[in-house]
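In what follows, every heavy atom counts, from backbone to side chain, and hydrogens, waters and symmetry copies are set aside. Chain letters run A, B, ... following the sequence lines, proteins first and then strands; every chain starts at 1.
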Protein chains: 2
Amino acid sequence: MLRNIVSGENGIRDPDDGVREDPLFVQAVARAMQVLSAFHRTQRPLSLTAIAEASGVGRSAAQRVVHTLQTLGYIERDEDGRGYIPGIRLLDHSHDYLRLNSLIERATPVLLDLRRNARERVDFSLFDDLRMVYAVRMQSKRETFFATLVGHSVPTLCTSGGRAVMSRLPDVEVEDIIARSDRRPFTDKTITDPQEVREKIAEARQLGYALTVEEVLVGEVALGVAVLGPNGRPLGAIHIAGSLSEWTPSAFAERFAPLASEAAHAINRVR
Amino acid sequence: MLRNIVSGENGIRDPDDGVREDPLFVQAVARAMQVLSAFHRTQRPLSLTAIAEASGVGRSAAQRVVHTLQTLGYIERDEDGRGYIPGIRLLDHSHDYLRLNSLIERATPVLLDLRRNARERVDFSLFDDLRMVYAVRMQSKRETFFATLVGHSVPTLCTSGGRAVMSRLPDVEVEDIIARSDRRPFTDKTITDPQEVREKIAEARQLGYALTVEEVLVGEVALGVAVLGPNGRPLGAIHIAGSLSEWTPSAFAERFAPLASEAAHAINRVR
DNA sequence: TATAACTGTATCGCCTGTCGATACAAGCTA
DNA sequence: TAGCTTGTATCGACAGGCGATACAGTTATA
């Protein structure tokens, strides 16, 4: 069965994990965020009791937290009054995140340039353990709704950016990621077999970029190059994505690998 | 003195307002969000004590909340270890907001189309009382970093989108917005005088769109058209923004008003 | 139409988890 | 060295969150 990109169930980094174990665990704060995290696994507005269930919080507690979050603007009622949805004030915080992230600030002009030259979709994603989180998105011609959303995340294991990142990590860490990753495929071309992934990473190490063909979206070819921080650690990746109706994979790589590599190099801060 | 677009101090809807008055006020939850809101007014990483001050929370409380938020990924340490910055997990929540917002979902394909035809920057912003919050951004040629950020907000009073929205509101509400708005100008062309704003709104009512020239950014002309919900209430606006080095204001309006209006109409859900 | 299963809202008392005060170690600047 | 930060840790008192419980309004099923 194919995995649904749309749903939030990448299963990566479950918000509830690792919280109870913290000795300095703070209940109320964590509970508030748990309530907000209830929306990760849904596609439609949630009722109060649905929020309680999804977040593993009692009805009473959920009620109070939701009420507070609503008055603060972090939760809203659905247009049709049918349930609750996340509120617009959440955008203020992600805005702060993007604004204050020096990597993103440095990357943006480079990406704008890259998109102008490439004329294909250009993305910048951040390495966050098992997933890559899209932080900058520059659409080209025809895109889907979900290809425009900042905050969308995809597995490190089977995306061009993730492979590019892994190609810059020491083997121990790569193995750790492979071991802990969810192996459910997106399409029937998704490569999740450990040995095959290792080969792909070796290939990326040699070429300096990673190429994925229809591993996440049917008909799509994507090229990823890692972006490095000081001390050479990969922090994220640049992607260029195109359509197989216009490119063969090798032609795509030949055309865009130099552009993407140059762009990544302009962002890097290795000393 | 000119107002700084970059800083978060649009002064609009202070997060701390109206909280203490709520009878069902929940301390801990609100406090967590207050701590996160501390980053709204800064351009650089914050120390623990700076967070405490900015959020009006005691040092001890701030410490615990920050610690929890950090283990949950909502706050991170700066690259250079000099202070705290918002964490990547915030993007998950804004992603939920964008995903679950049916208006944005409906608007996105229309905006992609519009950008393809217009070949200028196209934005979609949501009406949130005194401010308009950018929810979808489609860059064109040369853009600044801040013109790419989702979550950025600008005053309803002096932006093309805001004026377009106000032109669809009853006079009482318009007056209310004018009265409560911050009048600090962005440039020396920013119109904030109540009477002048009223005239601009009247003009927008007649034309069906609003045009602003250098009111927020020097050298920029922007055209806004309101997007309406059922019952005809304005929910947001489409913007097209161009450079005065390429367009006269009237030529810009003549060219793009029909395109933008058509796009807005395609999104509207008036019954 | 009656019944059942939902919605969100409200109240209240026990007990838990939070906050403030206070102290300390580690890193910078002078 | 002294004097300033920075972040971390401990602990007791008491505010305030949580669970249990109940109710009113709306939608679904018999």
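The number of heavy-atom neighbours closer than 6.0 Å to CZ of R44(B), taken from other residues, nucleotides and ligands shown, is 12 or below.
Closest of all the heavy-atom pairs between R106(B) and I267(B) is NH1-O, 2.6 Å. Closest non-hydrogen pair, R205(A) versus L169(A), comes out as NH2-O, 2.8 Å. Taking each heavy atom of L98(A) and A135(A) in turn, the nearest pair found is CD2-O, 3.8 Å.
Checking dT6(D), dT18(C), dT8(D) against every side-chain atom of S47(B), the shortest atom distance belongs to dT6(D). Taking the side chain of R77(A) as heavy atoms from C-beta on, and the options dT18(C), dG8(C), dT8(D), the nearest nucleotide is dG8(C). When each of dT9(C), dT18(C), dT6(D) is scored by its nearest atom to the side-chain atoms of R64(B), the top-ranked nucleotide is dT18(C).
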> Dot-bracket for DNA chain D, 5' to 3', counting Watson-Crick or G-U wobble pairs under 3.5 Å, with [ ] for crossing pairs and | for inter-strand pairs?
Replying inline: |..||.|||||||||||||||||.||||||

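A cation-pi arrangement is present between R77(B) and Y84(B) under the rule of less than 6.0 angstrom and at most 45 degrees off the ring axis.
One interatomic measurement links the two molecules: CG of L48(A) to P of dC18(D), which rounds to 13 Å at whole-angstrom precision. The nearest whole Å value for the distance from the CD atom in Q63(A) to the P atom in dC23(D) is 16 Å. Following rounding to the nearest Å, L69(A) (CG) and dG8(C) (C1') show an atom-to-atom distance of 16 Å. The distance between atom OH of Y84(B) and atom C1' of dT5(D), rounded to the nearest whole Å, is 14 Å. One can place NE2 of H67(B) at 16 Å from P of dG17(C), the figure rounded to the nearest angstrom. Atom pair L46(B):CG and dG7(D):P shows a separation of 10 Å (rounding to whole Å applied).
One finds no side-chain N or O of R59(A) lying less than 4.0 angstrom from the OP1 or OP2 phosphate oxygen of dC18(D).
For H95(A) and Y134(B), the ring centers sit 6.0 Å or farther from each other.
In summary, the side chains of H93(B) and Y74(B) do present a donor paired with an acceptor at a separation below 3.5 Å, with no hydrogens or angles considered.
Nearest-nucleotide assignment on DNA chain D puts the 5′-proximal partner with S60(B), out of G58(A) and S60(B).
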